[in-house]
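Input: a single structure, listed below in structure tokens.
All residue numbers refer to positions in the sequence shown, counting from 1.
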Amino acid sequence: MIDLSKKLIRQVGQTNAKYKMFEKDDKILLGLSGGKDSLALAHILKHFQNVTPDKFEFEAVTLSYGMGEDYAYLTKHCNAHGIKHSVIDSSIFEISKDKIRKNSSFCSFFSRMRRGYLYTYALEHGFNKLAIAHHLDDAAESFFMNFTYNGALRTLAPKYRAKNGLVLIRPLINVRERQLRDNATRNNLFVIGDEACPAMRFDVKMPHARYETKQLLAQLEKENPKLFTSLQAAFENIHTDTFFAQKDQEI
């Protein structure tokens with residue numbers, strides 16, 4: 001077992017208590033990319049599986065894009081810590097050569113394909129929940145990107161039911177990214193970074209929106225250290241009657 005900080009465990013425990021992330025007899029599939037976030041979540045799920053009286057199952061699965069990736073080290077790491085791990089082979093990379101045009105963005109395509117493979121695997125193997133390792137920084141970035149580029153006020157829900165019946169859970173949604181970075185450093189975890197991004201194999205426009213949003217939030221937090229505390233509270237304190245509406249609002 002790696003050394004998970006008490007604060008990290010407490011935060012996930014509070015999120016679990018509030019949103020019922022891990023329930024009795026759940027069968028949870030974790031999308032494990034091998035990055036710092038999903039690897040931390042794998043160990044957190046293992047911790048709660050060991051300590052909670054309401055027993056649940058979980059399995060980590062890694063999606064191969066068909067780029068010749070070798071995930072043997074990841075399977076070895078999971079086996080050493082009692083985490084069941086599988087690799088899904090796909091031809092996403094080959095398919096994308098015909099689907100992604102030069103100088104176009106690739107992120108949405110790979111995201112849709114990846115989610116589709118995870119959904120299919122989960123449904124075919126009897127899982128009722130899919131765990132995603134999004135954290136509070138992801139939620140904040142998603143919120144800012146949506147209203148800046150898409151004209152929508154939306155972010156990442158801690159828990160929701162997809163149309164196919166699967167329940168998606170984000171146990172790390174109240175955790176800061178820097179905590180997960182510190183967790184990887186403290187435990188000397190070998191993690192996959194941006195160098196494994198499929199875009200590195202394409203002559204495509206690199207995504208700029210998320211990078212620029214990260215920079216903006218970093219600057220805003222520098223000016224207001226309580227920014228993320230305020231955002232976290234705001235995501236639960238929504239006054240829909242103050243926005244533009246198609247019908248009169250009672251005030």
(message) Once salt bridge (Lys or Arg N to Asp or Glu O under 4.0 Å) is applied, what residue pairs with a partner in residues 217-237 remain, sequence neighbours excluded?
(response)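 Salt bridge (Lys or Arg N to Asp or Glu O under 4.0 Å) check on residues 217-237 returns Lys18-Glu236, Arg176-Glu221, Arg178-Glu221.
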
Subject >> All pairs passing salt bridge (Lys or Arg N to Asp or Glu O under 4.0 Å) where residues 158-169 contributes a residue, at least two apart >> reply: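 Every salt bridge (Lys or Arg N to Asp or Glu O under 4.0 Å) pair that includes a residue of residues 158-169, provided the two are not neighbours, is Glu23-Lys159.
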
State, yes or no, whether a side-chain contact exists between [X] and [Y] at a heavy-atom distance under 4.5 Å.
X      : Y      : value
Leu130 : Leu30  : no
Ile169 : Tyr19  : no
Val175 : Leu180 : yes
Met21  : Pro158 : yes
Ile9   : His47  : yes
Asn128 : Val167 : no
Asn183 : Leu4   : yes
Val87  : Val61  : no

[X]: partners by ring pair (Phe, Tyr, Trp, His ring centres under 6.0 Å), with sequence neighbours left out:
X      : result
Phe144 : Phe147
Phe235 : Phe143
Tyr121 : His125
His43  : His77, His81

Distance in Å, [X] [atom1] paired with [Y] [atom2], rounded so as to fall on 0.5 Å steps:
X      : Y      : atom1 : atom2 : value
Asp89  : Ser64  : CG    : OG    : 5.5 Å
Lys214 : Leu216 : NZ    : CG    : 12.5 Å
Thr75  : His85  : OG1   : NE2   : 4.5 Å
Ser5   : Arg10  : OG    : CZ    : 8.0 Å
Ile173 : Gln232 : CD1   : CD    : 9.5 Å
Phe228 : Asn174 : CZ    : CG    : 12.5 Å

Looking only at heavy atoms, which two atoms of [X] and [Y] are closest? And how far apart?
X      : Y     : answer
Asn16  : Phe22 : OD1-N, 2.8 Å
Leu32  : Ala60 : CD2-CB, 3.8 Å
Ala131 : Leu45 : CB-CD1, 4.4 Å
Leu118 : Leu29 : O-CD2, 3.8 Å

Under a 3.5 Å distance rule, please check whether [X] uses its side chain to pair with a backbone N or O of [Y] as donor and acceptor.
X      : Y      : value
Asn150 : Ala152 : no
Asn146 : Ser142 : yes
Asp70  : Ala72  : yes

Distance alone, cut at 3.5 Å: any donor-acceptor contact between the side chains of [X] and [Y]?
X      : Y      : value
Ser33  : Ser38  : yes
Glu57  : Gln49  : no
His239 : Asp241 : no
His135 : Asp138 : yes
Tyr211 : Glu141 : no

Is [X] linked to [Y] within one hydrophobic cluster, defined over Ile, Leu, Val, Met, Phe, Trp and Tyr using a side-chain heavy-atom separation of less than 4.5 Å?
X      : Y      : result
Leu156 : Tyr119 : no
Ile238 : Leu227 : no
Leu136 : Met145 : no

Inset, instruction - For Lys20, look at atom NZ and say whether over 12 heavy atoms of other residues, nucleotides or ligands are found less than 6.0 Å away. - result: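 Counting neighbours around NZ of Lys20, 12 or fewer heavy atoms of other residues, nucleotides or ligands fall under 6.0 Å, so no.
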
Problem - More than 12 heavy atoms from other groups under 6.0 Å of CZ on Arg186 - result: yes

Exercise for review: Test Phe58 against Ile83 for side-chain contact (heavy atoms from CB on, under 4.5 Å), laying out the working first.
Suggested key: CA-CA 8 Å; Phe58 92 93; Ile83 299 169; 3.9 Å; yes

* To do: Applying salt bridge (charged side-chain N to carboxylate O under 4.0 Å, His left out), run through Glu177 and Lys36 and close with a yes or a no.
  => CA-CA 9 Å; Glu177 183 176 16; Lys36 67 184 187 316; 2.9 Å; yes

Does Asp25 come within less than 4.0 Å of Lys55, counting only side-chain N to carboxylate O? no

Checklist line | Charged N-O contact under 4.0 Å between Glu59 and Lys27 | finding: no

Practice prompt. May I have the step-by-step check of side-chain contact (heavy atoms from CB on, under 4.5 Å) for Ile44 and Leu8, ending in yes or no?
Written response: CA-CA 9 Å; Ile44 288 169; Leu8 188 55; 3.9 Å; yes

